[in-house]
Number of protein chains: 2
Amino acid sequence: MASDHTRTAILAAAERLYADRGFGDVTLRDIVAEANVNLAAVNYHFGSKDELIAELFVTRSIATNRERLRELKAAEEQGGGRAPIEMILHALVGPTLRGCLGPENQRSTAARFMIRASIESVPPIRRIKNREIDHLRKFAGAMRRALPDRSDVDIYWGLNFALAMAHHTIRESERLTKLSEGKCDLDDVEDVVARVVSVATMALTAGKAETKAPSKVAAR
Amino acid sequence: MASDHTRTAILAAAERLYADRGFGDVTLRDIVAEANVNLAAVNYHFGSKDELIAELFVTRSIATNRERLRELKAAEEQGGGRAPIEMILHALVGPTLRGCLGPENQRSTAARFMIRASIESVPPIRRIKNREIDHLRKFAGAMRRALPDRSDVDIYWGLNFALAMAHHTIRESERLTKLSEGKCDLDDVEDVVARVVSVATMALTAGKAETKAPSKVAAR
DNA sequence: TTGCAATTCAAACAGTTGTATGAAACTATC
DNA sequence: GATAGTTTCATACAACTGTTTGAATTGCAA
């Protein structure tokens, strides 16, 4: 094995560009220019552009999931095998929100890259992405333990809504700022996390009786 | 003006393909093949590929917004200028969810196209998309009238979360079905709408006292 | 029918993409 | 210091992109 310098330079440059501009707009020539390496280096080190994307995604996916599971595990151990639902949700949405929001200069390129990856549907990633279901299932399990009276359906919907609020807020953060004329402060990450967790908790705990949500306005 | 047949055939084919495969993967040659017209027809009738996308987006955007505002207006008139918050949220997320979920054969191509458009960031659309802020502001206004005690910040966050749940559920519907092993029934559109409206309503009405969401777990 | 504009068409264009090639430059081993 | 293996580099390639061109065809009015 040699210096590895070129490899890592390519990975870093690619992640940065993808995070900023999306997959469709970034060409191999953009990447090698940013990394100050030769055009052929990508194919030499990674085989193809798709394999480069895949490697990037797999690496980051593992890292993000590990961070979330670390928080989840800590919460469950602290509660003797059963963590409060707020802490579970916190472990679910916290890492991603922290990486993507907050003051611009301290946002994680990796997290923004992952959001891009979860939004756009480039073939090599779509294939890998199904593995994440197993990861989410672990959270569903923890939520079931935290709310044993809740039906599975409600658990999954709550999980879905929690991820929905986190991801959408990241994705549309610019528009939300403009819409609210700056009143919604997306730099205060912990406030955003708390809001998402709070609403998701309500979704999961409110109105124990109803299997379906109230539908008095569902006439139409 | 002539038959217009070619124009409309192109629009229909483009919308269908974009809805299915996204903007990045659909080429002009795909479109003209699907529409059974000559390659040069797109440039002749629309000027460029971007103008075709823009026309499609503008047309559909107007239609969707009109439908949402129609429901909103009806709700407000029925309530004498102040609609219940559930109905406002229903008007906000109902039309989109109905167009994108439900039995496969009756999903609206137009609605799926709009979701694609809101996800991917193709230049001609990004430019137009900022107009939608004015549209959302009308809903924010109605929500303020429905909840006069609520702060603007909370209103905007509630609006954001409602859209978040609707869009994310559409986007990740396949994964939610797989994750829940079919327990979450995405064909029952009115149930989905009711769930989203219910959670969004809770987010907007719960815990009047707190300005910020509870943050007892926000340690870290 | 004649004439004229609108529309269609096949073909070619210039630009960009990801990938492949083979020579050059390096690195380490003997 | 010669040799073998790895890595870099300039360059070329084939495929594909959106767009343009100019001739053919159509539709319709006079």
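In what follows, every chain begins at residue 1, and chains take the letters A, B, ... in the order their sequences are listed.
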Could you give me the CA-CA distance, side-chain angles and deciding distance for Glu172(B) and Lys129(A), then say whether salt bridge (charged side-chain N to carboxylate O under 4.0 Å, His left out) is met?
CA-CA 12 Å; Glu172(B) 302 286 340; Lys129(A) 211 182 154 195; 3.3 Å; yes
Comparing Arg29(A) with Tyr44(A), nearest DNA chain D nucleotide closer to 5' gives the residue Tyr44(A)
Does Lys49(A) or Leu39(B) map to a spot on DNA chain C nearer the 5' end, using the closest nucleotide for each?
Leu39(B)
Interatomic distance where [atom1] belongs to [X] and [atom2] belongs to [N] [whole Å]:
| X | N | atom1 | atom2 | result |
| --- | --- | --- | --- | --- |
| Phe46(B) | dG18(D) | CZ | C1' | 15 Å |
| Glu51(B) | dT20(D) | CD | P | 10 Å |
| Leu28(A) | dT11(D) | CG | C1' | 16 Å |
| Asp50(A) | dT17(C) | CG | C1' | 13 Å |
| His5(A) | dC9(D) | NE2 | P | 11 Å |
| Asp4(A) | dT27(C) | CG | C1' | 15 Å |
| Leu52(B) | dG18(D) | CG | P | 11 Å |

Evaluate the ring planes of Phe161(A) and Trp157(A), with Trp represented by its six-membered ring, and classify them as parallel (under 30°), tilted (30 to 60°) or perpendicular (over 60°).
tilted
On a heavy-atom basis, the closest approach of Leu92(A) and Arg68(A) is O-NH1, 3.0 Å
Only one of Val192(A), Asp191(A), Thr96(A) passes side chain to side chain contact (heavy atoms under 4.5 Å, CB included) with Leu101(A), and that residue is Val192(A)
Output the single nucleotide from dT8(C), dT19(D), dT8(D) whose closest atom is nearest the side chain of Asn38(B).
dT8(C)
Taking the side chain of Ala40(A) as heavy atoms from C-beta outward, which of dA12(D), dT21(C), dG18(D) is closest to it?
dT21(C)
Any side-chain N or O of [X] less than 4.0 Å from the OP1 or OP2 oxygen of [N]?
| X | N | value |
| --- | --- | --- |
| Thr27(B) | dT17(D) | yes |
| Ser48(A) | dG18(C) | no |
| Asn43(B) | dG18(D) | no |
| His45(B) | dT8(C) | yes |

Arg112(B) bridged to Glu15(B) by N-O distance under 4.0 Å
no
